[in-house]
Amino acid sequence: MTTRTGEPLAAARDRALPLVRALPDDALDAPTPCAGYDVRNLLNHLFHVVVGFQALAAREEADFSVTPDRLAEYGDGWRARFEEETGRLVAAWAVPGAAGARPGR
């Protein structure tokens, strides 16, 4: 089975990356339309989902219970790391069979 899940993920990545690249550091504490999330928390959430869904594509376990502070972890390089991780996500879901059964299901 060939999965096409990588295609919409690539489109989403391609729309998000210019926004992430252009985001000034002083905007990280700004509110978002998502209740309970400022820009920093929303980006950390997105990082967490991007990395976790890479594992799911490989039929590995992913723990979504605690969101790490990836922005702090990657420091000034968080934008480049976001681009790398979203690229890995697209590649992981472009693999044939990536949309198959998940552990525990």
Side-chain angles (χ1 to χ4, degrees):
M1 171 176 81
T2 300
T3 179
R4 297 187 188 273
T5 306
E7 294 171 12
L9 290 172
R13 175 207 54 205
D14 293 347
R15 291 189 75 174
L17 288 178
L19 299 172
V20 168
R21 288 182 195 125
L23 186 68
D25 287 339
D26 62 358
L28 293 175
D29 294 323
T32 70
C34 302
Y37 286 93
D38 61 13
V39 173
R40 179 185 319 275
N41 290 336
L42 185 57
L43 286 165
N44 277 317
H45 172 72
L46 290 174
F47 255 119
H48 191 55
V49 169
V50 164
V51 172
F53 272 65
Q54 290 172 36
L56 294 178
R59 297 186 178 154
E60 298 171 354
E61 295 290 331
D63 179 4
F64 293 97
S65 63
V66 177
T67 302
D69 187 352
R70 305 277 185 181
L71 272 63
E73 180 180 344
Y74 302 135
D76 291 338
W78 71 264
R79 289 171 186 82
R81 187 60 181 260
F82 186 82
E83 186 166 351
E84 291 170 20
E85 294 297 348
T86 56
R88 288 184 182 114
L89 176 67
V90 170
W93 282 94
V95 172
R102 301 287 170 259
R105 292 195 181 184

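Only heavy atoms go into these numbers, but all of them, side chains included; no hydrogens, no water, no symmetry mates. The first residue in the sequence is number 1, and the count goes up from there.
Counting heavy atoms from C-beta outward, His45 and Asn41 have side chains that stay 4.5 Å or more apart. Counting heavy atoms from C-beta on, the side chains of Leu46 and Tyr37 never come closer than 4.5 Å. The shortest distance between side-chain heavy atoms of Phe82 and Arg70 does not fall below 4.5 Å. Looking only at side-chain heavy atoms (C-beta outward), Leu28 and Asp25 come within less than 4.5 Å of each other. For the pair Leu9 and Phe53, the minimum side-chain heavy-atom distance is 4.5 Å or more.
If you chain together hydrophobic residues whose side chains sit under 4.5 Å apart, Val90 and Val20 never meet in one group. Val51 and Leu56 are members of different hydrophobic clusters when ILVMFWY side chains are connected at heavy-atom separations under 4.5 Å. A single hydrophobic cluster is not seen to contain both Val50 and Leu43; linkage of ILVMFWY side chains at heavy-atom distances under 4.5 Å, directly or through other members, places them apart.
Atom CZ of residue Phe47 and atom CG of residue Leu42 lie 12.0 Å apart, to the nearest 0.5 angstrom. Residue His48 holds its NE2 atom at 6.0 Å from CG of Asp63, rounded to the nearest 0.5 Å.
Taking each heavy atom of Asp29 and Arg40 in turn, the nearest pair found is OD1-NH2, 3.2 Å. Pairing each heavy atom of Thr86 with each of Leu17, the nearest pair is OG1-CD2, 4.0 Å. The two residues Ala62 and Ala55 come nearest to each other via the heavy atoms CB-CB, 4.3 Å. Across all non-hydrogen atoms, the minimal contact from Ala98 to Trp93 is O-CZ3, 3.3 Å.
When atom types are taken as modelled, the side chain of Thr67 and the backbone of Asn44 share no donor-acceptor pair closer than 3.5 angstrom. Counting only distance, with no hydrogens or angles, the side chain of Gln54 and the backbone of Glu85 share a donor-acceptor pair below 3.5 Å.
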